[in-house]
There are 2 protein chains.
Amino acid sequence: MDEIARTAGVGKDTLYRRWKSKETLVQHLLSELSAENAPIPDVEDPRYALFIFLQNIVRLNTRSDFGAILAGIVGESARNREMATAFHQFWAERRTIAAGLVRRVVGPGASDREIGQILDHVLGPIYYRLLLSGDPIDDEYLWDLIVALPWSTGETPDQEQPTEKELK
Amino acid sequence: MDEIARTAGVGKDTLYRRWKSKETLVQHLLSELSAENAPIPDVEDPRYALFIFLQNIVRLNTRSDFGAILAGIVGESARNREMATAFHQFWAERRTIAAGLVRRVVGPGASDREIGQILDHVLGPIYYRLLLSGDPIDDEYLWDLIVALPWSTGETPDQEQPTEKELK
DNA sequence: ACATTACCATACTGTCCCGTTTGGTAAGTG
DNA sequence: CACTTACCAAACGGGACAGTATGGTAATGT
């Protein structure tokens, strides 16, 4: 808090006038950063859109302080009940966003439960590597995740990956 | 620390005589608890063995303080470099154990990279729910994870799940 | 019997950090 | 000008926690 106020050139007073507690601030911060740095890609191909989305998530977690913040919240949620609920609510928001992308990939026939499972299959390994094992995540890994989606539409996807240039 | 000493009926003095710092204690604790509460199941059926293994992981994280400890370490690893390396090493150990179980499921033909990916597919969703989304994990969910293994041997597994009684 | 050692329990120190309070400053309003 | 409002900065209070120090107790060794 002190550091946030200092680096923001703002009084802690002002922070607490805008947000009721540290938890609400963090929750707002997570949603804001996520929406800004990992938005819904404006791409027509469903799989490619999902790929870019995942790529942005990885970039956000590895190239900025977001990953460290996230890890810190995980630890704090273990002891702080309010923080835990705020954290879970954040993930619920993010999941609905990602669910739209996934549904475009697997088709509208999938049930909510199926969509949820697919989300776990896509996001789980990513955050498992980011937060726990520490193994690196490259584009090929992300693409394999998408290709391996169990409920993918039957058409065999071409394994070719988009070049770095296309991402921008 | 105070709580550990108190619940253990031991003086904090003694704790610090046996372990140099809190970090070393926690590291020892992780390996010990994992090996003790999530061992390699002595079951002949590979999928069932993997199922029990995952079930023990979930139980360890939800029914004891292990989950909270784990989350705390995640947070601390974000700022403590030594803790991060020790943490990653812990996961490497655990992965090799789980890799043996997975290899029994998918057959000896799988490469190390494939095994690694499968491990991510199995463990990722579990820890994603445990640490991040907070969604509950029941036996059906675990079984679906195993059934969905992309490199499973061709035989279609029967969806029937083992009863609670068989677990002991 | 005496010294040493191991040990539990508790108190203590230093640190960190959330949230509040206070003092001082500048802008806007009547 | 008087008054309110918003704001930064710093200090403060309180609680949590890691690690150390101290006192007392029991066992062991000589």
Side-chain angles (χ1 to χ4, degrees), chain A residues 1-34 36 61 64-93 131-132 134, chain B residues 1-34 36 60-91 130-132 134:
Chain A
M1 284 295 124
D2 305 69
E3 189 179 352
I4 292 177
R6 188 169 44 79
T7 60
V10 93
K12 256 202 301 183
D13 183 351
T14 311
L15 287 186
Y16 280 96
R17 194 178 308 125
R18 192 119 34 194
W19 292 280
K20 185 175 130 291
S21 64
K22 180 194 174 190
E23 287 74 20
T24 54
L25 184 152
V26 164
Q27 186 176 356
H28 184 85
L29 190 67
L30 285 181
S31 301
E32 202 76 7
L33 286 179
S34 297
E36 185 174 342
N61 277 274
S64 73
D65 292 336
F66 186 88
I69 296 176
L70 196 67
I73 296 174
V74 170
E76 193 161 348
S77 294
R79 289 186 297 272
N80 190 334
R81 197 171 207 87
E82 296 181 12
M83 184 63 97
T85 57
F87 194 41
H88 293 160
Q89 188 176 347
F90 160 73
W91 283 110
E93 291 179 16
L131 294 175
L132 302 183
Chain B
M1 284 295 125
D2 304 70
E3 189 179 353
I4 291 178
R6 187 168 46 77
T7 61
V10 93
K12 255 204 301 184
D13 184 347
T14 311
L15 286 186
Y16 281 97
R17 194 177 309 121
R18 192 116 40 192
W19 292 279
K20 187 174 128 293
S21 65
K22 180 195 175 189
E23 285 73 19
T24 55
L25 184 152
V26 164
Q27 188 177 352
H28 183 84
L29 193 66
L30 280 184
S31 302
E32 202 75 6
L33 286 179
S34 297
E36 184 176 343
L60 178 60
N61 276 275
T62 54
R63 299 273 203 267
S64 73
D65 292 337
F66 186 88
I69 297 175
L70 194 67
I73 297 175
V74 170
E76 194 160 346
S77 295
R79 287 186 294 274
N80 190 334
R81 198 170 207 85
E82 296 181 13
M83 186 62 103
T85 57
F87 193 42
H88 293 158
Q89 186 177 349
F90 161 74
W91 282 110
L130 288 175
L131 294 175
L132 302 183

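Here is how names work: the chains are called A, B, and so on, in the same order as the sequence lines, proteins then strands, and each is numbered from 1.
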Notebook entry, point to check: Closer than 4.0 Å, any side-chain N/O of A:T14 to the OP1 or OP2 of D:dC7?
Noted result: no
How long is the line joining [atom1] of [X] and [atom2] of [N], in whole Å?
| X | N | atom1 | atom2 | value |
| --- | --- | --- | --- | --- |
| A:R17 | D:dA9 | CZ | P | 13 Å |
| B:I73 | D:dA18 | CD1 | P | 12 Å |
| A:E76 | C:dC16 | CD | C1' | 13 Å |
| B:L15 | C:dT10 | CG | C1' | 14 Å |
| A:W19 | C:dC18 | CH2 | P | 15 Å |

Check: Which pairs with one or both residues in residues 77-86 of chain A pass side chain to side chain donor-acceptor pair (under 3.5 Å), sequence neighbours excluded?
Finding: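 Checked against side chain to side chain donor-acceptor pair (under 3.5 Å) - neighbours excluded - the pairs reaching residues 77-86 of chain A are A:E23-A:N80.
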Check: Toward the 5' end of DNA chain C, which comes first, B:R18 or B:R79, by nearest nucleotide?
Finding: B:R18
Next item on the list: Give B:R6 one of three labels, base, sugar-phosphate or nothing, depending on what nucleic acid heavy atoms sit under 4.0 Å from its own.
Entry: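 Counting heavy atoms under 4.0 Å across all strands, no contact is made by B:R6.
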Item checked: Residue list, ring-ring contact (aromatic ring centres under 6.0 Å, His included) with B:H28, at least two apart or on another chain -> B:W19
Next item on the list: List in chain and number order the residues that pass salt bridge (charged side-chain N to carboxylate O under 4.0 Å, His left out) with B:R6, two or more places apart in sequence or in another chain; answer none if no residue qualifies.
Entry: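 B:R6 satisfies salt bridge (charged side-chain N to carboxylate O under 4.0 Å, His left out) with no other residue.
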Checklist line | Partners meeting salt bridge (charged side-chain N to carboxylate O under 4.0 Å, His left out) with B:K22 (sequence neighbours left out) | finding: none
Checklist line | Residue pairs fulfilling salt bridge (Lys or Arg N to Asp or Glu O under 4.0 Å) with at least one residue in residues 60-69 of chain B, sequence neighbours excluded | finding: none
Enumerate the protein-to-nucleotides 19-24 of chain C contacts in which both atoms are nitrogen or oxygen and the separation is below 3.5 Å.
residue: C:dG19; atom: OP2; partner: A:Y16; partner atom: OH; Å: 2.8
residue: C:dG19; atom: OP2; partner: A:K22; partner atom: N; Å: 3.0
residue: C:dG19; atom: N7; partner: A:K12; partner atom: NZ; Å: 3.0
residue: C:dG19; atom: O6; partner: A:K12; partner atom: NZ; Å: 2.4

Next item on the list: Kindly indicate whether the side chain of A:L29, heavy atoms from C-beta on, has any atom under 4.5 Å from the side chain of A:I4.
Entry: no
